[in-house]
Amino acid sequence: MTESSDEETTAFADLGLRPELLAALSGLGYEEPTPIQREAIPPLLAGRDLLGQAATGTGKTAAFALPVLERVAAGGHRQAPLALVLVPTRELAVQVSEAMYRYGRDVGARVLPIYGGQPIGRQLDALRRGVDVVVATPGRARDHVQRGTLPLDEVQVVVLDEADEMLDMGFAEDIEALLDLTPAERQTVLFSATLPGRIDRIARRHLRDPVRIQIGAEPAAAGRAPLVRQSAYVVARAHKPAALGRILDVEAPDAALVFCRTRIEVDQLTETLNGRGYRAEALHGGMSQEQRDRVMGRLRSGTADLLVATDVAARGLDIDQLTHVVNYDVPSAPESYVHRIGRVGRAGREGVAITLAEPRERRLLGNIERLTKQKIPVETVPTVADLRARQMELTLATLRERLSDDDLDSYRVVVDTLTDEFDLTQVALAAVKLAHEGRSSTVDEEEIPEPFVAKDSRKDSGKKSGGKKDRDKGRDGELGGKERGKRSRSAESGADGGGDTERLWVSVGRNAGVRPKDLVGAIANETRLSGRDIGAITIAESFSIVEVPASAIDDVIADMRRTTIRGTAAKIRRDRVSAPPA
Ligand code: AMP
C-alpha cells in the first residue's frame with residue numbers, strides 16, 4: 001500500500017473565489033473543483049462570455065453560479081435582479097435555485113425560482129422585495145416581463161442552462177426576446193449538452209468572443225481504461241443505498257473502494273452502510289496521516305470491507321487487496337472514472353468496476369464510454385431471488401472447499417450420533433442450513449424498482465430525445481416499482497404551463513405480473529398517446545398508477561374501456577387520491 005501524489009490539483013481557493021463562497025463549498029463537502037469549474041470559473045470571474053458543452057453531473061451549476069455570486073457579493077443588493085438564469089424545466093429551476101442559495105448563503109444572495117404552475121402571487125411578493133438572481137423557465141419569465149413585474153434593465157449576467165433542451169421545448173423565441181430586453185453589455189453564459197447548429201446561431205448572435213469549453217464530449221487521447229469488468233446500474237436516487245447493498249451482497253467483494261462526490265455524502269453513505277450491516281470506513285481529505293493509516297490498516301486486516309472516499313481522499317492510494325471500485329455517482333469527469341477504476345485489476349487479477357447512475361446521469365456514461373472506447377453494460381439491479389440464488393452458490397462453494405479439509409474426522413462423532421436418530425440427508429441438510437445462515441446476512445426483502453426511462457432516452461445515452469412532450473413527464477420519470485401503494489411523487493410536470501399531468505388508476509398490479517412496459521404498451525396501442533407522453537408509473541401489489549397528460553386523460557379512459565393487460569381485463573379510472581406536488 002503506497003501513497004503518491006502524481007495527479008495535479010487545483011483548489012477552489014486557486015480560482016479566485018471569495019472566502020464566504022469557499023467556506024460554503026467546504027461546508028458542502030466539495031473538496032476540489034470539477035474540470036468544468038476549473039476551466040469556467042476564472043474566465044467568468046474576468047467577465048468573459050462563455051459557451052460550454054457539458055452535461056448534468058459535471059458540476060456545471062456551480063461553474064456558473066459561483067461567478068454570479070461573486071457579482072452579487074461585490075454589487076450590493078438592489079431591487080432589480082443582476083442575474084437571470086434560464087432553464088428548461090421547473091425541476092431544474094428549483095434545483096439551480098437551491099444550489100445557488102446554498103453556495104451564496106454567506107453573501108446573502110436572494111435567489112428566486114420562477115416557473116409555471118406555481119402561484120404567481122408568491123413570485124410577485126419576492127420580486128417586489130427585491131432579488132439578486134432569478135432562475136426561471138423562459139415562458140414564465142416572459143410572462144412576468146410582459147406584466148412589468150420582472151425588470152431586466154439591471155441584469156449583468158444571463159445564463160442559458162441546458163440550452164439545447166430549451167430549444168427542443170420550443171423556447172427559442174422566448175429566449176431571444178428575453179436576451180434582447182437585457183442590457184447589451186451584459187455577460188452571457190451558455191451551457192448545453194450538445195451543440196447543434198441552432199445553438200451555434202444563438203451563440204453567434206448573443207455571445208461576444210466567448211471562451212469555449214468542452215467537457216467530456218470528445219475522446220481524450222490520454223484515457224485507456226484497464227481491463228476491468230465494468231457495469232452500471234440505473235437507479236433512482238432514493239433507492240441507491242438499497243441498490244448498492246444488494247449489488248455488494250451479490251458481488252461479495254473482498255475489499256471495495258466506494259467513491260462519492262462530497263465529504264458529506266461519504267459520511268452519510270458510510271453511516272448507512274454500517275447501519276445495513278456492512279463494515280465500512282470513511283476516508284476524508286481532511287484526515288491526518290495517522291487516521292488514514294488506521295483506516296487502511298482495518299481494510300488490510302479484513303476488519304473493514306468497504307472504504308468510502310472522495311477522489312481527493314483516495315488520491316494516491318494503492319491497495320493491493322482491492323477487488324471492486326464502486327462509483328456511487330457517475331464521476332463528473334470521464335477522466336476520473338479512468339483514475340478510479342485503475343485501482344483494481346492490477347497485476348493480472350480480476351477487477352470489477354460498478355457505477356450507479358441516476359436516470360438523468362445516463363448521458364455521462366456515454367461520455368465515459370467514448371473516452372475509454374469501452375462499452376459499460378447497464379445491468380438490472382439484482383432481485384431478491386437473484387440474491388438468494390447467489391447466496392446458495394456461495395454456500396455451495398464454501399462447502400465444496402471444506403470437503404477437502406483434512407480435519408473433518410473430528411466432527412464424525414456428531415454425524416454418527418445424529419444418524420442414529422435421523423436420515424443422513426436430513427443431517428446434511430441441517431448442517432448446510434447452519435453453514436448458510438452463518439455465512440449470509442439476512443436478505444432485505446424489498447425489491448428495488450427499475451427507473452422508468454422514456455423510449456427515446458433509452459436508445460443511447462449520448463443521443464438527444466426531443467420535444468416538449470418529453471419534458472411533460474418530468475426529468476427523471478422514475479418508476480416506483482414497489483412503492484407499496486405509495487404515490488410516486490417523482491413526476492412533476494415538465495414545462496411552463498401545458499405540462500399538467502393526471503394520474504390514472506389501473507386495476508392490475510404486481511400480483512397480475514404487470515410491468516411498466518405492459519402499461520406503456522397498452523396505452524400506446526389503444527390511445528393516441530405515445531410512450532413518451534406517459535409519465536411516472538407506480539406498480540403496487542394490486543393496482544398501478546400511471547401519469548398521463550391531463551388534457552388526454554378522458555380520452556385515455558374512454559379508449560381503454562375494454563383493455564386487457566397481461567391477459568387480465570383492467571378497469572381504468574382517474575386516481576382519486578390527488579397527490580401533493582413534490
Ligand atoms: P451539476 O452538473 O451542476 O448538476 O452537479 C452535479 C452534482 O455534483 C451536484 O450534486 C453537485 O452538488 C455536485 N458537485 C458539483 N461540484 C462539485 C464539486 N466540486 N465537488 C463535489 N461535488 C460537486
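Note that the structure is predicted; figures quoted are calculated from it, not measured. Each ligand, and each atom within it, is numbered from 1 in the order the structure gives.
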- prompt: Heavy-atom distance under 4.5 Å between the side chains of His339 and Asp311, does that happen here?
  reply: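 No, their side chains stay 4.5 Å or more apart.
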Should [X] and [Y] count as an ion pair when the cut-off is N to O under 4.0 Å?
X      : Y      : value
Asp209 : Arg48  : yes
Arg261 : Glu361 : yes
Asp174 : Arg140 : no
Arg237 : Glu265 : yes

Would you mind running through ligand 1 and noting each atom that sits below 4.0 Å from a heavy atom of [X]?
X      : result
Phe12  : 19 (N)
Glu32  : 18 (C), 19 (N), 20 (N)
Gly59  : 1 (P), 2 (O), 3 (O), 5 (O), 15 (C)
Thr58  : 2 (O)
Thr262 : 21 (C), 22 (N)

- request: Please work out which of Glu31, Arg102, Arg261 has its closest non-hydrogen atom nearest to atom 7 (C) of ligand 1.
  value: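 Looking at heavy atoms only, Arg261 sits closest to atom 7 (C) of ligand 1.
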Among all the protein's non-hydrogen atoms, which is closest to [atom], and how far away is it?
atom                    : result
atom 12 (O) of ligand 1 : Tyr30 OH, 2.5 Å
atom 15 (C) of ligand 1 : Gln37 NE2, 3.5 Å
atom 6 (C) of ligand 1  : Gly57 CA, 3.6 Å

task: Determine whether the side chains of His284 and Asp267 contain a donor N or O and an acceptor N or O closer than 3.5 Å.
output: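 Note: His284 and Asp267 side chains meet the donor-acceptor criterion.
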Pair Thr310, Glu31: side-chain N/O donor-acceptor within cut-off below 3.5 Å: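 Thr310 vs Glu31: donor-acceptor pair found between side chains.
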message: Parallel, tilted or perpendicular: which one describes the rings of Tyr103 and Tyr30, with boundaries at 30° and 60°?
response: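 Perpendicular, since the angle between the ring planes exceeds 60°.
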message: I want to know if ligand 1 touches Thr61 in the polar sense, i.e. an N/O pair below 3.5 angstrom.
response: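 Min N/O separation from ligand 1 is below 3.5 Å for Thr61.
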field: Sub-3.5 Å N/O-N/O distance, Arg360 and ligand 1
entry: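 No - when backbone and side-chain N and O of Arg360 are compared with those of ligand 1, no distance drops under 3.5 Å.
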